[in-house]
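Since the structure is predicted, the reported quantities are computational estimates derived from the model, not experimental observations.
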Amino acid sequence: MSLTGTPFLYTLIALCVAAVALPLVLWSRVRGPRAVRGVARLLMVLFAQGTAVALVFTMVNNSNQLYDNWGDLLGTSNHVQEAADLGASGTGGIALEKLPKVKQTFKQGKGPGMRAEGGVLVTHLKGRVSGVHAEVNVWLPPQYHDPAYRNHRFPVVEVLPGYPGSSKAWYGTMDAPEQLAPLMRGGQITPFIIVSPRTTLLPGKDTGCANIAGQVNADSWLSIDVPKMVMDNFRAQAAPNGWAVAGYSAGAHCATKLAVAHPDRYRAAVSMSGYNDPAAVPQSLAGRSPALRAANNPYVILKDSRVPPRVALYMSGQPKDGYEAAMALKRAAKAPTTVDVVFIPKSAGGHTMALWKPQVVPAFRWLTQVMGTPQQDGSAPGTTPLAPSSAGSRHAELASGTASPADAARRP
């Protein structure tokens, strides 16, 4: 029975009802010695508590899409077939342009949000470079099947969840297709292809989107294997100009790191409540040593870059939850790198999906400005001047009494 399926949820509801009714009916009818009666009644209480906890957990999990399946929850899923040493480039010396085309079979996705606005296509990809074998979800914009756009190639946004997090979360809990499709139809937002690959690749560990020889090549999975598959199977624009990456929480850290580390693969990144130092997450493999922390810290990468990367960053955060890290990157950035920081006040809520979901539209408006607006005849997109989005909050300002410049300087 699926962890996120309706049958499992209804089964738990039925068990909770039975757990409440059981002591009401049997409490005074239990027979036998006092010890036996005590144990029987204790078991009824524990059964009621256990079913209630399981139901609450399941409802929270379904709402936030933290765990996709039993393997993710129990820590038994392993999607890494091999993790060769791929070197600094993450290619292992492979000439990517000479690799044969990746032809995939797709099926209709299942689960919350997976059938909205045309539905999400799902495939299982065997990464030729990374050695990762996992699912990739693809949502096509309304214009994709419009005859007027039959010769048009669409820009792509690779979207990443937090940790733990499901590859379906951007379609389900975040409702990205439902929020964006009407605006794409109306020409207010560029029709992007939205791709969400699995990021939980090892049991009980956050890979930190890092390449770690012998353990995982998450960076190459996200920045090489997945983009190549999408470009080989859909009318997607080429990297880097046609590609952006976005995420929240741990996914925000990954989005920033991937864009800063690979300006040849991404033109822009969106970070919601992200951080720079991977050691901010105790389960992060990228935080296990000083060398790994530095190699996967976007602040360090940006500060030490001999040639500033040509990338645009959109970073939103609250005091002590993403804002200070964003400001550190803004101070370290040099042209042509641009960093637009959006301050989110504490009153907007905490580190939850409820905070990030309303930011989807402003973030994609910003991406539209950065990556260009499609022409009505379906020809190549034009460009519009870069203009920061405020996401309903003050742009790069401090809320009176809630943060200070000293706070912003303390956590790069």
Peer 1: When you measure from the side chain of Arg235 to the backbone N and O of Tyr149, does any donor-acceptor pair fall under 3.5 Å?
Peer 2: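 Checked: pair present.
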Peer 1: Of all residues at least two apart in sequence or in a different chain, which pass the salt bridge (charged side-chain N to carboxylate O under 4.0 Å, His left out) check with Asp264?
Peer 2: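 Partners of Asp264 by the salt bridge (charged side-chain N to carboxylate O under 4.0 Å, His left out) criterion come out as none, since no residue qualifies.
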Peer 1: Are any side-chain N or O atoms of Arg198 and backbone N or O atoms of Asn137, one a donor and one an acceptor, separated by less than 3.5 Å?
Peer 2: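 No; zero donor-acceptor contacts below 3.5 Å.
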Peer 1: Side-chain contact test, heavy atoms from C-beta onward, threshold under 4.5 Å: evaluate it for Ser249 versus His351 and give yes or no.
Peer 2: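 Side chain of Ser249 against side chain of His351, heavy atoms only: contact under 4.5 Å found.
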Peer 1: Would you check, one step at a time, whether the test side-chain contact (heavy atoms from CB on, under 4.5 Å) holds for Leu26 with Met44?
Peer 2: CA-CA 9 Å; Leu26 300 179; Met44 285 190 282; 4.2 Å; yes
Peer 1: Using atom types as modelled and distance alone, determine if a side-chain donor or acceptor of Asn276 lies under 3.5 Å from a backbone N or O of Ala325.
Peer 2: yes
Peer 1: Please tell me if the side chains of Pro155 and Thr190 come closer than 4.5 Å, counting only heavy atoms from C-beta onward.
Peer 2: yes
Peer 1: Rounded to the nearest 0.5 Å, what separation is found between the CG atom of Leu121 and the OG1 atom of Thr105?
Peer 2: 11.5 Å
Peer 1: Quick check: Phe364 with Tyr314 (ring centres under 6.0 Å apart)?
Peer 2: no
Peer 1: Compute whether any side-chain donor of one residue and acceptor of the other, for Glu135 and Ser167, lie under 3.5 angstrom apart.
Peer 2: yes
Peer 1: Is there side-chain contact between Met327 and Val341, with heavy atoms separated by less than 4.5 Å?
Peer 2: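 Result yes, sub-4.5 Å side-chain heavy-atom pair found.
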Peer 1: Looking at every heavy atom in both Pro177 and Ala116, which two are closest together, and how far apart are they?
Peer 2: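 Closest approach of Pro177 to Ala116: CB-O, 4.4 Å.
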Peer 1: Using the ring-ring contact (aromatic ring centres under 6.0 Å, His included) rule, pick out the option among Tyr275, Tyr163, Tyr248, Tyr299 that qualifies with His253.
Peer 2: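 Looking at Tyr275, Tyr163, Tyr248, Tyr299, the match for His253 under the ring-ring contact (aromatic ring centres under 6.0 Å, His included) is Tyr275.
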Peer 1: Would you check if Ile13 and Thr11 make a side-chain contact, meaning some heavy-atom pair closer than 4.5 Å?
Peer 2: no
Peer 1: Hey, does the side chain of Thr256 reach the backbone of Ala252 with a donor-acceptor pair shorter than 3.5 angstrom?
Peer 2: yes
Peer 1: Before accepting this row, confirm whether a basic side-chain N of the pair Arg128/Asp225 lies closer than 4.0 Å to the acidic partner's carboxylate O.
Peer 2: no
Peer 1: Between Ala286 and Ile212, which heavy-atom pair has the shortest distance, and what is it?
Peer 2: N-CD1, 4.2 Å
Peer 1: Between atom CG of Asp219 and atom SG of Cys254, what is the distance when rounded to the nearest 0.5 Å?
Peer 2: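 Rounded to the nearest 0.5 Å, the CG-SG separation comes out at 9.0 Å.
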Peer 1: Could you state the interatomic distance from CG (Leu313) to CH2 (Trp366), rounded to the nearest 0.5 Å?
Peer 2: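 Taking CG in Leu313 and CH2 in Trp366, the distance rounds to 6.5 Å.
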Peer 1: Just by distance, do the side chain of Arg150 and the backbone of Pro147 share a donor-acceptor pair under 3.5 Å?
Peer 2: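 The answer is yes, because a donor-acceptor pair under 3.5 Å joins these two groups.
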Peer 1: Would you sort out whether Trp243 and Val230 count as a side-chain contact (heavy atoms from CB on, under 4.5 Å), showing the intermediate values?
Peer 2: CA-CA 11 Å; Trp243 280 74; Val230 173; 3.8 Å; yes
Peer 1: What's the shortest heavy-atom distance between Ala295 and Ile301, and which atoms?
Peer 2: O-CD1, 3.4 Å
Peer 1: Within the structure provided, determine whether Asn241 and Met371 are in side-chain contact (heavy-atom separation under 4.5 Å).
Peer 2: no
Peer 1: Restricting to side-chain contact (heavy atoms from CB on, under 4.5 Å), what partner residues turn up for Pro141, sequence neighbours left out?
Peer 2: Trp139, Gln143, Tyr144, Phe154, Met184, Pro191, Ile193
Peer 1: Measure from the side-chain N and O atoms of Lys101 to the backbone N and O of Asp232, and report whether any donor-acceptor pair falls under 3.5 Å.
Peer 2: no
Peer 1: I need the minimum non-hydrogen distance between Asn211 and Gly90, along with the two atoms involved.
Peer 2: ND2-CA, 3.7 Å
Peer 1: Could you check Leu258, Ile194, Leu222 and say which one makes a side chain to side chain contact (heavy atoms under 4.5 Å, CB included) with Glu158?
Peer 2: Leu222
Peer 1: For a side-chain contact (heavy atoms from CB on, under 4.5 Å) check, start with the C-alpha distance between Thr199 and Asp206, then their side-chain angles and the critical distance, and finish with the verdict.
Peer 2: CA-CA 8 Å; Thr199 55; Asp206 173 17; over 6 Å; no
Peer 1: Between Met231 and Ala238, what is the shortest heavy-atom contact and its length?
Peer 2: SD-CA, 3.7 Å
Peer 1: Rounded to the nearest 0.5 Å, what separation is found between the NZ atom of Lys126 and the NE2 atom of His133?
Peer 2: 6.0 Å
Peer 1: Provide the closest heavy-atom pair for Ala269 versus Ala255 in the form atom of the first, atom of the second, distance.
Peer 2: CB-O, 3.6 Å
Peer 1: Hey, are the side chains of Phe192 and Leu367 touching, using non-hydrogen atoms and a 4.5 Å cut-off?
Peer 2: yes
Peer 1: Measure the spacing between OG1 of Thr337 and CG of Leu329 and express it to the nearest 0.5 Å.
Peer 2: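 If I round to the nearest 0.5 Å, the distance is 10.0 Å.
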Peer 1: Can a donor-acceptor pair be found, under 3.5 Å and without considering hydrogens, that links the side chain of Ser220 to the backbone of Asn217?
Peer 2: no
Peer 1: Would you confirm whether Glu117, through its side chain, and Leu180, through its main-chain N or O, come within 3.5 Å as a donor-acceptor pair?
Peer 2: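 No, because the side chain of Glu117 does not come within donor-acceptor range (under 3.5 Å) of the backbone of Leu180.
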Peer 1: Is the shortest heavy-atom distance from the side chain of Arg267 to the side chain of Arg310 under 4.5 Å?
Peer 2: yes
Peer 1: Would the distance check show the side chain of His79 and the main-chain N or O of Val132 forming a donor-acceptor pair, the cut-off being under 3.5 Å?
Peer 2: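 Here the side-chain-to-backbone pair does not exist.
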Peer 1: Among Leu201, Leu202, Leu292, which residue satisfies the side chain to side chain contact (heavy atoms under 4.5 Å, CB included) criterion with Leu285?
Peer 2: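 Running side chain to side chain contact (heavy atoms under 4.5 Å, CB included) over Leu201, Leu202, Leu292 with Leu285 returns exactly one hit, Leu202.
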Peer 1: Measure the shortest side-chain to side-chain distance between Val195 and Val157 over non-hydrogen atoms and say whether it is less than 4.5 angstrom.
Peer 2: no
Peer 1: Report yes or no: does Gln318 contribute a side-chain atom to a donor-acceptor pair with the main-chain N or O of Pro345 at less than 3.5 Å?
Peer 2: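 Yes; judged by distance alone, with no hydrogens or angles, the pair exists.
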Peer 1: When you check the side-chain N and O atoms of Arg265 and Ser223, is any donor under 3.5 Å from an acceptor?
Peer 2: yes
Peer 1: Say you draw a straight line from CG of Leu183 to CD1 of Ile189; how long is it, rounded to the nearest 0.5 Å?
Peer 2: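 One gets 4.5 Å once the value is rounded to the nearest 0.5 Å.
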Peer 1: side-chain contact (heavy atoms from CB on, under 4.5 Å) for Ile224 and Ser130? Distances and angles first, verdict last.
Peer 2: CA-CA 8 Å; Ile224 296 176; Ser130 67; over 6 Å; no
